[in-house]
Amino acid sequence: MKSKQIHLTLANDLKALPSLCQGLERVLSPLGLDKRVRYQLEVAIEEVFTNIVAYAFSDNTPHAIEIRLNLEKEAITIRFEDHGQAFNPLSTAAPDLSKPLCDRHEGGLGIHMIKTMMDEIRYQRQGGKNILILKKKRSLFSKKE
């Protein structure tokens with residue numbers, strides 16, 4: 001398989017989420033990914049996007065969120081870029097999963113899930129942009145659906 005790149009530019013609006021999900025379906029379906037791997041990619045991408053929309057911008061004006069998928073033989077890399085407030089998700093503490101849900105601090109569970117599901121995560125602040133890179137190794141190409 002040759003490397004293939006997909007580039008999406010979405011508005012910082014949750015109304016863009018269905019378009020994102022449909023785009024992911026079109027891109028990921030033909031790859032023959034293991035069902036679990038595909039689910040993890042979809043959840044991670046949707047979670048990062050919704051977090052950017054919810055927390056990155058303090059005003060109510062439109063902002064672009066860039067998402068680039070690099071589909072390679074061995075891995076899928078997703079790169080998110082936004083001009084929102086600086087935020088390094090890698091610096092967040094893991095939630096205390098031993099506590100009952102009602103006793104936990106709000107937030108952090110989605111980031112914890114992403115850290116658990118992805119094989120590699122990198123963050124950098126460069127040129128006034130948040131750049132978050134997620135990498136998922138492509139498990140066996142056989143579908144298990």
**Message:** Once ring-ring contact (aromatic ring centres under 6.0 Å, His included) is applied, what residue pairs with a partner in residues 57-76 remain, sequence neighbours excluded?
**Reply:**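 The answer is Phe57-His63.
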**Request:** Scan for ring-ring contact (aromatic ring centres under 6.0 Å, His included) pairs involving residues 67-89, sequence neighbours excluded, and state none if there are none.
**Result:**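 Sorted pair list comes back empty.
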Kindly give the heavy-atom pair with the smallest separation between [X] and [Y], and that separation in Å.
| X | Y | value |
| --- | --- | --- |
| Leu134 | Ala44 | CD1-CB, 4.1 Å |
| Ile65 | Asn12 | CD1-CA, 3.8 Å |
| Pro89 | Ile111 | O-CG2, 3.5 Å |
| Ala11 | Ala16 | O-CB, 4.0 Å |

Quick one: does [X]'s side chain get under 4.5 Å of [Y]'s, heavy atoms only?
| X | Y | value |
| --- | --- | --- |
| Leu10 | Val53 | no |
| Lys135 | Arg79 | no |
| Ile131 | Arg122 | no |

[atom1]-[atom2] distance between [X] and [Y], expressed to the nearest 0.5 angstrom:
| X | Y | atom1 | atom2 | answer |
| --- | --- | --- | --- | --- |
| Arg36 | Leu41 | CZ | CG | 10.5 Å |
| Met117 | His112 | CE | NE2 | 9.5 Å |
| Leu90 | Lys115 | CG | NZ | 6.0 Å |
| Glu46 | Asn51 | CD | CG | 12.0 Å |
| Leu24 | Gln22 | CG | CD | 10.0 Å |
| Leu71 | Ile78 | CG | CD1 | 8.5 Å |

**Request:** Output, in order, the C-alpha distance, side-chain angles, deciding distance and verdict of side-chain contact (heavy atoms from CB on, under 4.5 Å) for Glu72 and Gln5.
**Result:** CA-CA 9 Å; Glu72 298 174 314; Gln5 294 184 354; over 6 Å; no
Could you pull out all residues at least two apart from [X] that satisfy side chain to side chain contact (heavy atoms under 4.5 Å, CB included)?
| X | answer |
| --- | --- |
| Asn130 | Asp82, Ala86, Tyr123, Arg125 |
| Ala54 | none |
| Asp119 | Lys136, Lys137 |

**Request:** Run the numbers on Ile76 and Leu31 for side-chain contact (heavy atoms from CB on, under 4.5 Å), then give the verdict.
**Result:** CA-CA 11 Å; Ile76 296 174; Leu31 296 179; 4.0 Å; yes
**Request:** Go through the steps to decide whether Glu120 and Ile133 satisfy the test side-chain contact (heavy atoms from CB on, under 4.5 Å), and finish with yes or no.
**Result:** CA-CA 8 Å; Glu120 183 180 330; Ile133 299 170; 6.0 Å; no
**Asked** Is there a donor-acceptor pair under 3.5 Å between the side chain of Arg138 and the backbone N or O of Leu33?
**Response**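 No; judged by distance alone, with no hydrogens or angles, the pair does not exist.
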**Request:** For the pair Ile67 and Leu20, evaluate side-chain contact (heavy atoms from CB on, under 4.5 Å) and give the outcome as yes or no after the intermediate values.
**Result:** CA-CA 10 Å; Ile67 304 172; Leu20 175 59; 4.0 Å; yes
**Request:** Applying salt bridge (Lys or Arg N to Asp or Glu O under 4.0 Å), name anything that partners Glu66, two or more places apart in sequence or on another chain.
**Result:**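 By the salt bridge (Lys or Arg N to Asp or Glu O under 4.0 Å) rule, Glu66 matches no residue at all.
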